[in-house]
Engineer: 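Pasting in a structure now, in structure tokens, and then I'll have a few things to ask.
Counting begins at 1 with the first residue of the sequence. These numbers were taken from a predicted model, which means no experiment stands behind them. Scope of the values below: all heavy atoms of this structure, side chains included, with no hydrogens, waters or symmetry mates.
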Amino acid sequence: MIDNPLENQVIEEKDNEYLSEQFYEHCEDKAKEIAQEFNLKSEFLDDFIEYYADICSESDEGYSLINDKSLIDDWWDHNKDLYETKTPYQK
């Protein structure tokens with residue numbers, strides 16, 4: 001039997017893609033939970049999900065970030081100039 005390094009490389013790449021997708025889905029789910037808990041307006045959800053996924057992937061704590069309102073506040077502080085509304089929260 002011939003050991004094919006290309007096949008192993010392809011399998012490893014697919015495994016890495018799968019893990020990356022799973023990580024993003026986890027981040028997306030957590031971002032949705034945070035948004036719902038703290039009443040983030042629905043029109044900001046996709047942008048907040050991207051922000052949350054980015055900070056998770058950049059953080060050493062990826063899966064165990066403290067999930068509180070400060071994450072939305074930090075996101076809003078960096079992005080509020082892009083929107084016409086004064087608050088990201090529903091009343």
Side-chain angles (χ1 to χ4, degrees):
M1 185 160 121
I2 299 174
D3 186 27
N4 187 344
L6 183 58
E7 181 180 340
N8 292 338
Q9 181 181 356
V10 169
I11 291 171
E12 184 177 335
E13 287 174 5
K14 288 186 184 247
D15 286 346
N16 288 337
E17 285 176 26
Y18 175 76
L19 291 174
S20 179
E21 289 172 12
Q22 291 296 305
F23 181 77
Y24 183 82
E25 286 179 20
H26 169 77
C27 292
E28 182 177 22
D29 291 343
K30 293 304 286 180
K32 286 178 181 178
E33 288 176 20
I34 295 166
Q36 183 177 10
E37 181 178 350
F38 298 106
N39 297 318
L40 180 69
K41 291 180 181 177
S42 61
E43 66 257 29
F44 301 130
L45 184 58
D46 290 338
D47 294 337
F48 179 68
I49 289 170
E50 289 298 321
Y51 170 79
Y52 185 81
D54 287 346
I55 62 170
C56 283
S57 64
E58 294 171 3
S59 172
D60 293 338
E61 301 172 357
Y63 279 104
S64 61
L65 285 173
I66 303 295
N67 297 321
D68 64 7
K69 187 174 178 272
S70 68
L71 291 169
I72 296 174
D73 293 340
D74 291 344
W75 165 76
W76 186 249
D77 286 343
H78 288 96
N79 295 289
K80 63 185 170 194
D81 295 335
L82 302 173
Y83 306 102
E84 295 180 14
T85 186
K86 295 192 185 294
T87 180
Y89 301 105
Q90 299 174 23
K91 294 183 179 185

Engineer: For E25, check side-chain hydrogen bond (donor to acceptor under 3.5 Å, both in side chains) against everything at least two apart and list the hits.
Structural biologist: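 Checked E25 against side-chain hydrogen bond (donor to acceptor under 3.5 Å, both in side chains); zero matches.
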Engineer: Drop me the distance from E58's CD to I55's CD1, to the nearest 0.5 angstrom.
Structural biologist: 8.5 Å
Engineer: Does any non-hydrogen side-chain atom of P88 lie less than 4.5 Å from one of W75?
Structural biologist: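 Yes, at least one pair of side-chain atoms sits under 4.5 Å.
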Engineer: State which residues pass side-chain contact (heavy atoms from CB on, under 4.5 Å) with N39; sequence neighbours excluded, sorted by chain then number.
Structural biologist: Q90
Engineer: If a pair satisfies side chain to side chain donor-acceptor pair (under 3.5 Å) and one of its residues is in residues 11-20, list it, with sequence neighbours excluded.
Structural biologist: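 Output for this query lists Q9-E13.
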Engineer: Side chains of I34 and L71: closer than 4.5 Å at any heavy-atom pair?
Structural biologist: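 In short, these two side chains touch, coming nearer than 4.5 Å.
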Engineer: Is there a continuous path of hydrophobic side-chain contacts, each under 4.5 Å between heavy atoms, that joins L82 to L45?
Structural biologist: no
Engineer: Can you tell me how far the CD1 atom of I49 sits from the NZ atom of K30, to the nearest 0.5 Å?
Structural biologist: 13.5 Å
Engineer: Run the side-chain contact (heavy atoms from CB on, under 4.5 Å) test against T85 and tell me which residues pass, sequence neighbours left out.
Structural biologist: K41, F44, W76, Y83
Engineer: If you take all heavy atoms of F48 and A31, which pair is closest and at what distance?
Structural biologist: CE2-O, 3.6 Å
Engineer: Once rounded to the nearest 0.5 Å, what's the spacing between atom SG of C56 and atom CZ of F23?
Structural biologist: 5.0 Å
Engineer: Distance from H26 atom NE2 to Y52 atom OH, nearest 0.5 Å?
Structural biologist: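 It comes to 5.5 Å.
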Engineer: Would L19 end up clustered with I11 when hydrophobic side chains under 4.5 Å apart are linked, directly or stepwise?
Structural biologist: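 They do not share one cluster, since no chain of ILVMFWY contacts under 4.5 Å joins L19 to I11.
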Engineer: Partners of Q36 by side-chain hydrogen bond (donor to acceptor under 3.5 Å, both in side chains), sequence neighbours excluded?
Structural biologist: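 Per chain and number, Q36 pairs via side-chain hydrogen bond (donor to acceptor under 3.5 Å, both in side chains) with no residue.
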Engineer: Applying salt bridge (charged side-chain N to carboxylate O under 4.0 Å, His left out) as the test, list every pair that has at least one member in residues 69-90; sequence neighbours left out.
Structural biologist: K69-D73
Engineer: Tell me, do I72 and Y89 make a side-chain contact under 4.5 Å, heavy atoms counted?
Structural biologist: yes
